[in-house]
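Here's the structure, in structure tokens; my notes come after.
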Amino acid sequence: MENLIKDIDIIPAEEAQACDFKTTEEQNTGKQKKLYIESYGCQMNFSDSEIVASIMKKNGFDTTSDYEVADVIFLNTCSIREKAELTVRKRLSQFNQIKKEKPEMTIGVLGCMAERLKDKLLEEEKLVDLVVGPDAYRDLPNLVKGAEDGDKGVNTFLSREETYADISPVRLNSNGVSAFISIMRGCDNMCSFCVVPFTRGRERSRDPHSIVKEAQDLFNQGFREVTLLGQNVDSYKWSPEENNKARLNKQGEVSKVYNFAKLLEMVAKVDPKLRVRFSTSHPKDITDEVLYTMKAYDNICKYIHLPVQSGNSRVLELMNRTYDRDWYLERVAKIREILGEECGISSDMIAGFCSETEEEHQDTLTLMDIVKYDFSYMFFYSERPGTLAAKKYEDDIPLEVKKRRLQEIIQKQTQHSLERNQMDIGQIQEVLVEGSSKRSDEQLKGRNSANKVVIFSKGDYKKGDYVRLKITDCTAATLFGEVIS
Ligand code: SAH
Ligand code: SF4
Ligand code: F3S
């Protein structure tokens, strides 16, 4: 889920380690004050920034794309790798100058780094006024008011219930066609390398009715694609009894457990013209029921992000992923059996985890040969303080070895992406248009069901249209097509 770089499917090593960020856009609804948010990390974080913008809008703030005119600057941060945190530290030092010139400006650090470092951040970064964790955003207007009166504030309370279900997000950086919907928060998995369970807290699922309503509202506004977001969407679980007793009593709803397959179906039924995507699927939890639901609905996109991390069972065990190589390959075989060759599959990989041998690294490469991913997000291992791996294992693979292994993984992925794209040539595919291609205004960019970008000549088509194309050419990252009438 890391690095939402929409046009780049395979992220080169340097870029994978750099942290891409998104900023707010200019929005003028006549509010008194200006808010600038810069968001780092995964789609969940970008989605949270939309919730933050919504909360702040109700409290007198329009967004701006220019931090120099902002009354409040928020950095919504990521802790997943060391590099992500260093990028934010560097950015804060750049904001030092502007804070000197405009001392009345409020600077807040939100998100995972705020949660991980808590008040230490206030001590270490003198210009920071607020440190606010992912479950405390309802407190932001309060904290900002305090900061305006000179009180620095920290709220890193992690909740077992907060899902922001009632908050209608302000869509930021949106192409007006596709939007994200958070369906759950937190993570209970405790993969040994991962900081997320510490920064996002316990897993909790959002009321399915509020999710369907959000999807319906988006469709009514002209959106044509929603992506359901969670660290592990397959463990989505909600029941009126467990999650909201009052609701059960009021509406007399029968006891019923909603799992991810059920939710997926409910969202798919909003409208056949609303595409549904989801991310991320954990290999231990993805069920046949989910795969059959995907098959049953044309508007559920045939694409699964199924991060493997390593192709070696011993390393997977150390990572505490709770599946092994055979389990993973069985799940992939099931996807192919139920959804066929054309279903897109992508992965995340970590090169050079603690004690990984050359042979074990080779297992990752051979697994890739078997699965043939359409694309992958690839990283070298970065030890995170406080995680199980940091406590139990030595980070003993030298950096140059990690980087070399990562290069080998990237090289293999590039080759597979090209092969998989070449298989599409000659096929007729339906694409949802997202806007102009970066290269030319005469060309449009859309996505096929398998999440691949397709470029084609504009004709009379526009953003939000569904277009049938014949795929004529490709690179490792992009398909090219021609409209068929
Ligand atoms: N919930 C998702 C992952 C979210 S984090 C899942 O379980 O698949 C996104 C990716 O960052 C992970 O899949 C992993 O490949 C990578 N990552 C997480 N912690 C890392 C670390 N300490 N070093 C390097 N990469 C890491
Ligand atoms: Fe991290 Fe594992 Fe949870 Fe993904 S499933 S967020 S890798 S702990
Ligand atoms: Fe996402 Fe980074 Fe936090 S990947 S959950 S913003 S640590």
Side-chain angles (χ1 to χ4, degrees), residues 1-4 11 13 16-17 19-22 38-49 75-85 87-88 109-117 133-135 158 180 182 184-203 229-235 278-286 304-310 315-316 318-323 328 346-354 356 364 373 376-390 393 395 397 399 402-403 405-406 409:
M1 289 190 35
E2 174 76 353
N3 262 321
L4 184 79
I11 301 176
Q17 296 301 317
C19 213
D20 195 46
F21 67 78
K22 287 186 171 187
E38 214 165 88
S39 317
Y40 296 79
C42 62
Q43 291 165 348
M44 308 251 353
N45 237 24
F46 296 139
S47 164
D48 278 3
S49 290
L75 293 187
N76 194 0
T77 59
C78 172
S79 287
I80 201 84
R81 285 168 288 277
E82 191 184 13
K83 187 77 188 251
E85 289 202 358
T87 311
V88 168
V109 176
L110 318 184
C112 292
M113 213 172 144
E115 192 61 52
R116 194 177 84 73
L117 296 165
D135 286 347
L158 282 176
F180 296 112
S182 286
M184 56 204 295
R185 301 181 68 82
C187 183
D188 283 350
N189 280 322
M190 285 300 193
C191 300
S192 65
F193 52 80
C194 186
V195 79
V196 172
F198 303 95
T199 62
R200 296 249 157 194
R202 297 302 297 271
E203 193 172 282
L229 290 181
Q231 291 298 353
N232 177 8
V233 289
D234 297 283
S235 66
F278 54 88
S279 188
T280 296
S281 301
H282 195 298
K284 82 174 159 67
D285 291 323
I286 188 163
I304 301 174
H305 184 54
L306 195 70
V308 71
Q309 316 297 359
S310 163
V315 175
L316 287 169
L318 293 186
M319 287 177 164
N320 201 23
R321 288 292 285 182
T322 68
Y323 55 83
Y328 186 89
S346 61
S347 189
D348 293 347
M349 310 282 185
I350 298 179
F353 187 64
C354 311
E356 182 190 67
T364 297
Y373 295 107
S376 292
Y377 301 100
M378 298 159 282
F379 316 98
F380 61 74
Y381 174 58
S382 163
E383 185 178 87
R384 307 310 294 129
T387 56
L388 289 179
Y393 313 124
D395 180 13
I397 309 297
L399 187 61
K402 285 181 183 172
K403 285 189 169 171
R405 289 181 190 170
L406 177 61
I409 291 173

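Remember, it's 1-based here, ligands and their atoms both numbered in the order they're listed. For reference, positions follow the sequence shown, starting with 1.
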Evaluate the criterion side-chain contact (heavy atoms from CB on, under 4.5 Å) for residue pair Ile80 and Arg384; output intermediate values, then yes/no.
CA-CA 8 Å; Ile80 201 84; Arg384 307 310 294 129; over 6 Å; no

Examine distances only and state if a side-chain atom of Ser192 and a backbone atom of Leu318 form a donor-acceptor pair shorter than 3.5 Å.
yes

Any donor and acceptor pair, going by atom type alone, linking the side chain of Tyr323 with main-chain N or O of Val308 inside 3.5 Å?
yes

Protein heavy-atom partner closest to atom 2 (Fe) of ligand 2 - residue, atom, separation in Å
Cys191 SG, 2.3 Å

Under 3.5 Å, N or O to N or O, is Gln231 touching ligand 1 that way?
yes

pair His282-Arg321: side-chain heavy atoms closer than 4.5 Å:
yes

Can a non-hydrogen atom of Tyr377 be found less than 4.0 Å from any atom of ligand 1?
no

Distance under 4.0 Å to a non-hydrogen atom of Gln231: what atoms of ligand 3 satisfy this?
5 (S)

Numbering as shown, the atoms of ligand 1 that approach Pro307 to under 4.0 Å (heavy-atom distance):
8 (O)

Which ligand 2 atoms are under 4.0 Å away from a heavy-atom of Phe193?
7 (S)

Report yes or no: does Gly111 have a heavy atom closer than 4.0 Å to ligand 3?
no

Of all the non-hydrogen atoms in the protein, which one sits nearest to atom 4 (Fe) of ligand 2, and at what distance?
Arg321 NH1, 4.3 Å

Side chain, backbone, both or neither: which part of Met44 comes within less than 4.0 Å of ligand 3 when only heavy atoms are counted?
neither

For ligand 2, note which part of Pro197 has a heavy atom under 4.0 Å away: side chain, backbone, both or neither.
side chain

Between the side chain of Ser279 and the main-chain N/O of Leu229, is any donor-acceptor distance below 3.5 Å?
no

Below the 3.5 angstrom mark, is there an N/O of Gln309, backbone or side chain, next to an N/O of ligand 1?
yes

Any nitrogen or oxygen of Asp348 lying under 3.5 Å from a nitrogen or oxygen in ligand 1? Just yes or no.
yes

Taking the side chain from Arg405 and the backbone from Glu356, do they hold a donor-acceptor pair closer than 3.5 Å?
yes

Residue pair Pro307 / Ser347: nearest heavy atoms and the distance that separates them:
CA-OG, 3.6 Å

Should you measure from each heavy atom of Cys112, which atoms of ligand 3 turn up under 4.0 Å away?
3 (Fe), 5 (S), 6 (S), 7 (S)

Ranked by distance from atom 5 (S) of ligand 2, the top protein heavy atom is Asn189 ND2, 3.4 Å

Give the atom numbers and elements of ligand 2 that come within less than 4.0 Å of a heavy atom of His282.
5 (S)

Looking only at heavy atoms of Met319, does any of them come nearer than 4.0 Å to an atom of ligand 1?
no

Relative to each other, are the rings of Tyr40 and Phe21 parallel, tilted or perpendicular (30° and 60° limits)?
tilted

When you measure from atom 1 (Fe) of ligand 3 to each heavy atom in Cys42, Pro197, Gly41, which option holds the nearest one?
Cys42

Are Asn45 and Ser39 close enough that some pair of their side-chain heavy atoms sits under 4.5 Å apart?
no

In sequence, state the C-alpha distance, the side-chain angles, and the governing distance for Leu75 and Met113, and then conclude on side-chain contact (heavy atoms from CB on, under 4.5 Å).
CA-CA 10 Å; Leu75 293 187; Met113 213 172 144; over 6 Å; no

Working for side-chain contact (heavy atoms from CB on, under 4.5 Å), residues Tyr373 and Met349:
CA-CA 11 Å; Tyr373 295 107; Met349 310 282 185; 3.5 Å; yes

Given that the side chain starts at C-beta and the backbone is N, CA, C, O, which of these parts of Lys83 lies under 4.0 Å from ligand 1, counting heavy atoms, or is it both or neither?
neither

Starting from atom 1 (Fe) of ligand 2, which protein heavy atom do you reach first, and at what distance in Å?
Cys194 SG, 2.3 Å

Within reach of ligand 1, part of Ile350 (heavy-atom separation under 4.0 Å)
side chain

Between ligand 1 and Tyr381, is the shortest N or O to N or O distance under 3.5 Å?
no

Which ligand 1 atoms, with their elements, are less than 4.0 angstrom from a heavy-atom of Phe379?
11 (O), 15 (O), 16 (C), 25 (N)

Looking only at distances, please establish whether an N/O atom of ligand 1 is found under 3.5 Å from an N/O atom of Phe193.
yes

Tell me if a side-chain donor or acceptor on Asn320 pairs with a main-chain N or O of Met190 at a distance below 3.5 Å.
yes

Any carboxylate oxygen within less than 4.0 angstrom of a Lys/Arg side-chain nitrogen, looking at Lys402 and Asp395?
yes

Compute the minimum heavy-atom distance from Gln309 to ligand 2 and say whether it is under 4.0 Å.
no

Member of Gln231, Arg202, Met44, Arg200 meeting the side-chain contact (heavy atoms from CB on, under 4.5 Å) criterion with Cys187
Gln231

Is it the side chain, the backbone, both or neither of Asn232 that has a heavy atom closer than 4.0 Å to ligand 2?
neither

Identify, by atom number and element, the atoms of ligand 1 in contact range of Arg384, meaning under 4.0 Å from any of its heavy atoms.
22 (N)

Keeping the roles fixed (side chain from Arg185, backbone from Pro134), state whether a donor-acceptor pair exists under 3.5 Å.
yes

Can you find an N/O atom of Arg81 closer than 3.5 Å to an N/O atom of ligand 1?
yes

Is the shortest distance from a heavy atom of Asn232 to ligand 1 less than 4.0 Å?
no

of all protein heavy atoms, closest to atom 3 (Fe) of ligand 2 is Cys187 SG, 2.3 Å

Could you check Asp48 against Asn76 for side chain to side chain donor-acceptor pair (under 3.5 Å), going step by step and ending with a plain yes or no?
CA-CA 8 Å; Asp48 278 3; Asn76 194 0; 5.2 Å; no

Considering only heavy atoms from C-beta outward, does the side chain of Phe380 approach that of Lys403 to under 4.5 Å?
yes

Closer than 4.0 Å to some heavy atom of Cys78 - which atoms of ligand 3 meet that?
2 (Fe), 4 (S), 6 (S), 7 (S)

